[in-house]
*Asks:* 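Pasting in a structure now, in structure tokens, and then I'll have a few things to ask.
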Amino acid sequence: DIQMTQSPSSVSASVGDRVTITCRASQDINGHLAWYQHKPGKAPKLLIYGSSRLQSGVPSRFSGSASGTDFTLTISNLQPEDFATYYCQQAYNSPDTFGGGTKVEIK
Amino acid sequence: EVQLVESGGGLVQPGGSLRVSCAVSGFTLRSHWISWVRQAPGKGLEWVAHISPDGSWEDYVDSVKGRFTVSRDNAKNSLSLQMHSLRVEDTAVYYCARTAPTNRGLDYWGQGVLVTVSS
């Protein structure tokens with residue numbers, strides 16, 4: 001199974017900050033990586049698919065990039081509604097594993 | 001409007017069985033893979049299983065293989081996750097989610113249903 005190692009597990013940031021979250025796959029996943037935002041009591045929300053493609057309706061302050069087996073989610077100009085937990089997920093090989101999550105907290 | 005609605009959660013004793021259902025609307029179910037994802041209390045998201053559009057192929061995370069079975073009825077716009085030999089560690093909120101065309105992520109999710117395994 002492909003392992004997804006996500007870091008950091010939590011980050012404290014202020015409104016307006018730039019936040020970067022990384023995910024490393026244990027093997028090549030051919031760019032088949034998605035990022036999700038999850039808030040308590042709500043369904044997860046797809047932000048990015050195909051490593052860097054913005055899902056329709058998602059603000060452009062969210063962006064994704066890839067370098068080999070390393071993937072990055074960047075949130076520019078952090079907004080109050082962005083405080084949540086973020087997960088990466090690979091969908092290249094079943095089982096479609098998630099990273100451990102990154103909680104973005106208010107500083 | 002695309003909707004997925006889970007039902008059937010509840011409290012079950014260890015070793016027991018439970019069936020969670022997912023009713024969908026607003027899209028053509030037979031065109032999409034569907035996944036089940038869970039979140040245990042205080043833990044992260046865990047992919048549990050998925051099923052192909054025609055129901056001919058399914059896969060599961062190792063921890064539920066042989067105990068959980070996913071099925072679908074495209075004519076009735078519904079799916080189910082049958083869970084047997086439940087363990088305390090299966091306690092979680094269970095979500096069904098649609099895979100976007102050409103594997104573009106899980107683009108629509110249900111609101112989730114809580115399954116509690118406890119004596």
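We name chains A, B, ... by the order of the sequence lines, and we start the count at 1 in each one.
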*Asks:* What heavy-atom pair brings B/Trp109 and A/Ala43 nearest, and what distance separates the two atoms?
*Replies:* CB-CB, 3.7 Å
*Asks:* Taking side chain as everything from C-beta outward and backbone as N, CA, C, O, which of these in A/Lys103 sits under 4.5 Å from a heavy atom of chain B? Side chain, backbone, both or neither.
*Replies:* neither
*Asks:* For the candidates A/Arg53, A/His38, A/His32, which exhibits the highest count of non-hydrogen atom pairs separated by less than 4.5 Å from chain B?
*Replies:* A/His38
*Asks:* Do A/Val58 and A/Leu46 share a hydrophobic cluster (ILVMFWY, side-chain heavy atoms under 4.5 Å, transitive)?
*Replies:* no
*Asks:* In terms of heavy-atom pairs under 4.5 Å with chain A, which of B/Glu46, B/Lys43, B/His50 leads?
*Replies:* B/His50
*Asks:* Pick one of side chain, backbone, both or neither for B/Trp33, based on which atoms fall under 4.5 Å of a heavy atom in chain A.
*Replies:* neither
*Asks:* Do you know which two heavy atoms are closest between A/Gln55 and B/Asp107, and how far apart they sit?
*Replies:* NE2-CB, 3.7 Å
*Asks:* Enter the distance from A/Tyr49:OH to B/Thr99:OG1 here, rounded to the nearest 0.5 Å.
*Replies:* 14.0 Å
*Asks:* Quick check: under 4.5 Å, non-hydrogen atoms only, which of residues 78-95 of chain A neighbour chain B?
*Replies:* A/Tyr87, A/Gln89, A/Ala91, A/Ser94, A/Pro95
*Asks:* Hey, quick one: are A/Leu33 and A/Ile75 part of the same hydrophobic cluster, counting side-chain heavy atoms closer than 4.5 Å, chains of contacts allowed?
*Replies:* yes
*Asks:* Taking only heavy atoms into account, what residues of residues 59-94 of chain B are found under 4.5 Å from chain A?
*Replies:* B/Asp59, B/Asp62
*Asks:* Side-chain contact, heavy-atom cut-off 4.5 Å: B/Trp47 with A/Thr97?
*Replies:* no
*Asks:* Hydrophobic cluster membership, with links at side-chain heavy-atom distances under 4.5 Å among I/L/V/M/F/W/Y: are B/Leu29 and B/Val2 in one?
*Replies:* yes
*Asks:* Any donor and acceptor pair, going by atom type alone, linking the side chain of A/Tyr36 with main-chain N or O of B/Leu106 inside 3.5 Å?
*Replies:* yes
*Asks:* Quick check: is A/Phe62 connected to A/Phe98 through a chain of hydrophobic side chains (ILVMFWY, heavy atoms under 4.5 Å apart)?
*Replies:* no
*Asks:* Against chain A, label B/Val48 side chain, backbone, both or neither, depending on which of its atoms sit under 4.5 Å from a heavy atom there.
*Replies:* neither
*Asks:* Are A/Val15 and A/Val104 connected into the same hydrophobic cluster when the rule is that any two of I, L, V, M, F, W, Y join if their side-chain heavy atoms are below 4.5 Å apart?
*Replies:* yes
